[in-house]
> 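Once you've had a glance at the structure underneath, I'll fire off some questions.
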Amino acid sequence: MRHPNDNGFAARRTAAAEAKRQLLAKFASAPKATDPEMQERLAVREAVSVAREARRAEREALKIAENERLLAEAAAAVAAAEAEARLEAEARQAEIAERASRALAEEAVRKAERDRRYAARKARRA
């Protein structure tokens, strides 16, 4: 069923052309790149971008410094652990050497006692 307010083809065509003209007029009245207001907006946008980049670079520098600090702490911890392990190994070696010298001394004492008994036995027989 047709509505009495239906637009015909010509009416729709003129409405589309009018809409296109209004859109072009809107873009024509938009500020140009050489307009001082547009230049100011671009300058503000550029300043914001530079500030954002500076903050990003600062955050990156802080991350790098933190990573270097952590690496230095880890290296110091490793060096301390190695030094402690070296001291423990030296202490074990000293303990082993002390046990060995004590064992040699005890062996020498036992040998001297055995030789003394042997000499006493020989002296009784003779």
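This structure is a prediction, so every number in the text was calculated from the model and none was measured. These numbers come from the heavy atoms of this one structure, side chains and all, not from hydrogens, waters or symmetry mates.
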> Take Met38 and Thr34 through the test side-chain contact (heavy atoms from CB on, under 4.5 Å) and record every step on the way to the result.
CA-CA 7 Å; Met38 233 10 211; Thr34 58; over 6 Å; no
> Considering residues at least two apart in sequence or located in another chain, which fulfil the side-chain contact (heavy atoms from CB on, under 4.5 Å) criterion with Arg45?
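Checked Arg45 against side-chain contact (heavy atoms from CB on, under 4.5 Å); matches are Leu42.
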> Can you list the steps and then say if Glu95 with Arg99 is a salt bridge (Lys or Arg N to Asp or Glu O under 4.0 Å)?
CA-CA 6 Å; Glu95 184 180 339; Arg99 277 191 216 159; 2.4 Å; yes
> Name all pairs fulfilling the side-chain hydrogen bond (donor to acceptor under 3.5 Å, both in side chains) condition that reach into residues 14-25, sequence neighbours left out, sorted by first residue then second.
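Applying side-chain hydrogen bond (donor to acceptor under 3.5 Å, both in side chains) to every pair that reaches into residues 14-25, excluding sequence neighbours, yields Glu18-Arg21, Glu18-Gln22.
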> State whether the number of non-hydrogen atoms from other residues, nucleotides or ligands found under 6.0 Å of Glu73 atom CD is greater than 12.
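For Glu73, atom CD is crowded (more than 12 foreign heavy atoms under 6.0 Å).
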> Taking only residues at least two apart or on different chains, which pairs with a member in residues 50-65 satisfy side-chain hydrogen bond (donor to acceptor under 3.5 Å, both in side chains)?
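Every pair satisfying side-chain hydrogen bond (donor to acceptor under 3.5 Å, both in side chains) with a residue in residues 50-65: Glu53-Arg56.
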> Show me the side-chain donor-acceptor pairs of residues 116-126 shorter than 3.5 Å, one per line, residues at least two apart or across chains.
unit_1 : atom_1 : unit_2 : atom_2 : d
Arg116 : NE     : Glu113 : OE1    : 3.3
Arg116 : NE     : Glu113 : OE2    : 3.4
Arg116 : NH2    : Glu113 : OE2    : 2.3

> Scan the side chains in residues 79-91 for donor-acceptor partners under 3.5 Å anywhere in the protein, sequence neighbours excluded, and list what turns up.
none

> Who passes side-chain hydrogen bond (donor to acceptor under 3.5 Å, both in side chains) against Arg102, sequence neighbours left out?
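Glu98.
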